[in-house]
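Here is the structure we will look at, set down as structure tokens.
Below, read A as the first sequence line, B as the second, and so on, with proteins coming before strands; counting in each chain starts at 1.
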Amino acid sequence: MRLSKSFGKTLREKPSEAEVPSHSLMIRAGLICKLAAGIYSYMPFAWRSIKKIKDIMGEEMNAIGGQELCMPVVNPADIWIESGRWYEIGPEMARFKDRSGRDMCLAMTHEEAVTDLARHFIDSYKQLPSVVYHIQTKFRDEPRCRGGLIRVREFIMKDAYSFHVDEGDLRSYYPYMCQAYERICKRCGVPVVKVLSDVGMMGGDIAHEFTYVTDSGEDTIILCDQCGYAANRDVAKFDKTATTQEPDGEGKESLSSPEEVHTPSKNTIESVCDYLGVSPTTSLKTMVYFAQDREDPVLVVIRGDLDVNERKLANLLNAAEVRRALPDELKSYGLIQGFLSPMGDHGLYVVADDSVLTSRTYVAGANKPDYHMIGVVPGRDFKIDVTADIAAARANDPCAVCGAPLTVKKGIEVGNTFMLGTRYSETMGAYFQSEKGTLEPIVMGCYGMGVGRLLACVVEENHDEHGIIWPITVAPYQVHLLNLGTSEKVIDTTDKVYTALLQNGIEVLYDDRDESAGVKFNDADLLGMPVRITISNRSLESGGAEVKLRRESDTHICGIDELVEKIKEILEREAHRYVAD
RNA sequence: CGGGCUGUGGCGCAGUUUGGUAGCGCGCUUGAAUGGGGUUCAAGAGGUCGCAGGUUCAAAUCCUGUCAGCCCGACCA
């Protein structure tokens, strides 16, 4: 490709809308162009990379038995009504009516469509297991797009679906998919961590995310450097007993009933504990939440030093989401903000984090302005309807597995894998006849990976202050060829080199523009092709062409005659860096 | 959906406080010089100042509304 003819151009300045490096670079390099919030065109260079990423995904999917097919972007409402998600999912699903008034939607994912295929074509256990995948555009009307391709509304996704006779077969297949995911990321030059994750709107049992760790990310993951435990914060477990101090030795545990104490204006955990001289670990924090589908709020009790993770709480309550009650709402239930208490005859459902069982007695609110209770014993002094883990893990909390301090990192979720089970096959009637002759629901797994998001991660991981540093496996072109000066000899030689490289199947971007050296070098750095070849009077006098790797700073001269062979060698060596084990 | 902010040639911005009929840099066009890290000079093209209403002799500037976008939060496989 001659740069003088290529569609699109580079920008010198950082676009004002871009915050994260990949976003800024992708716009500056002319890789993407926004049409509307979260809706982008992929420009020619980006599209070449996208194709390579898709190829890598395809190869890895094929290698574990996947068959590629393609399912529609537009779905009829019927199948989503069958699965129950037509009503479960909110405004993030784009819906419309066709000309005859039938409800339709843009698919956000394809469990429904693939389950429809399964019930059409899978009749017998003899057809199982089976795996299909497709790489398709999806639309989710996200409330907030950000970071260029990191979070968008229209996006390309590779999703795979596996069908099994039973849970055991799914479990034995699942690791292959996880391994394929790790291989894909490795081959694209993006390091990922496999973390336990929430099942979210997919439903099902076990799920993992493959997360690229970066400060530009929006997911919070909890990692144990010691034993390797890794989980999304929404499901991360940690050891709550280890942080607990013994109940303070003031004999309060001997109180046969709680006692009221005056705590003027002490309406936060910190101020109360300071005032009373106790540790927050022996206090109770009470919060009021509204959960979807529940008329009355629930009282949530957690140890004072901990915070509630709303995802965990929502899952426990079987609600799509929960929200904190507003001050006015508290009043209408007779609750006093700042002095909330699980005690009393409020009649509300009480959810307790299991941390409240780690100590004997606690300080709690008195549900009365400026008063708290001491010597409160959970269970004795207030009822608990359900106890579960609803606490958010934090940095330095002890690992639930090995006790080492946990670390918290930000990351981008590149892909995820779910053991769906029979959630869709049962609701949509995808059954097969077993060896015994019985009718059984197909056990399913689903596995998604964002193509554009992975591309953004590639750039996020592989760049410097000058521009992108493409891994050879996904680079739009392998070689960036440029000439300097207008001498006929230089131009002729470069043209010949260009032709020779092309004839040898090498992908070359040829900067044939009449631009100054600075412009050409800067664009080469910004565009970031792995190998740069410079031909100028100076290089010819030194014996040929100058060759430089984008990721290295040193250059060397290579004779024109040996150039093609030399480049082939380099490309092979570079490719070797991205081979998955 | 809350909080903060921004809309002015293709891109990045100034001008808005104190109303007087639009400017800078980059990019683009033409010509010349230069030719190893965004080089230099000259001449050009390009904007109903997001949109709608209002105040005024006069609005990019003041007022009201509205739309779009960005950031933080909520939300989200």
Applying the Watson-Crick and G-U wobble criteria at under 3.5 Å, what pairs with B:A42? Answer none if nothing qualifies. B:U30
Do A:M444 and A:V114 come within less than 4.5 Å of each other through their side chains, counting heavy atoms only? yes
Suppose you measure atom C1' in B:C63 against the same atom in B:U16; what distance do you get, rounded to whole Å? 14 Å
For A:S4, side-chain hydrogen bond (donor to acceptor under 3.5 Å, both in side chains) partners two or more places apart: A:D512
Considering only atom P, compute the distance from B:U61 to B:G15 and round it to an integer number of Å. 15 Å
Got a sec, which residues hit ring pair (Phe, Tyr, Trp, His ring centres under 6.0 Å) with A:H134, two or more places apart in sequence or on another chain? A:H110
Using a strict heavy-atom distance below 4.0 Å, which residues from residues 18-26 of chain A are in contact with RNA chain B? A:E19
Side-chain donor-acceptor contacts of residues 30-39 of chain A below 3.5 Å, not counting sequence neighbours, with atom names and distances?
none

Does B:C70 have its OP1 or OP2 closer than 4.0 Å to a side-chain nitrogen or oxygen of A:K34? yes
Whichever of A:T486 and A:V414 has the more 5' nearest nucleotide on RNA chain B, that residue is A:T486
At a cut-off of 3.5 Å, list every protein nitrogen or oxygen paired with a nitrogen or oxygen from nucleotides 3-9 of chain B, distance to 0.1 Å.
none

Hey, can you pull the donor-acceptor pairs under 3.5 Å for the side chains in residues 479-486 of chain A, sequence neighbours left out?
unit_1: A:N483; atom_1: OD1; unit_2: A:K520; atom_2: NZ; d: 2.8
unit_1: A:N483; atom_1: ND2; unit_2: A:Y510; atom_2: OH; d: 3.2

Can you name the atoms? Protein N/O to nucleotides 38-45 of chain B N/O, anything below 3.5 Å, with the distance.
unit_1: B:G38; atom_1: O4'; unit_2: A:N522; atom_2: ND2; d: 3.4
unit_1: B:G38; atom_1: O2'; unit_2: A:R12; atom_2: NH1; d: 2.3
unit_1: B:G38; atom_1: O2'; unit_2: A:R12; atom_2: NH2; d: 3.2
unit_1: B:G38; atom_1: N1; unit_2: A:D523; atom_2: OD1; d: 3.4

Partner set under side-chain hydrogen bond (donor to acceptor under 3.5 Å, both in side chains) for A:R187, not counting sequence neighbours: A:E59, A:E60
Testing B:G36, B:A74, B:G27 for proximity to the side chain of A:E310, the answer is B:A74
Hunt down the Watson-Crick or G-U wobble partner of B:A22, both distances under 3.5 Å, from any strand shown, or write none. none
Pick the C1' atom in B:G31 and in B:C49, then give their distance to the nearest Å. 33 Å
Sequence neighbours left out, what passes side-chain hydrogen bond (donor to acceptor under 3.5 Å, both in side chains) with A:W80? Give chain and number order. A:N75
Ring pair (Phe, Tyr, Trp, His ring centres under 6.0 Å) partners for A:F290, two or more places apart: none
Only counting residues at least two apart or in another chain, list the ones meeting ring pair (Phe, Tyr, Trp, His ring centres under 6.0 Å) with A:Y477. A:F45
Taken in chain and number order and not counting sequence neighbours, the residues that satisfy side-chain hydrogen bond (donor to acceptor under 3.5 Å, both in side chains) with A:E82 are A:R119
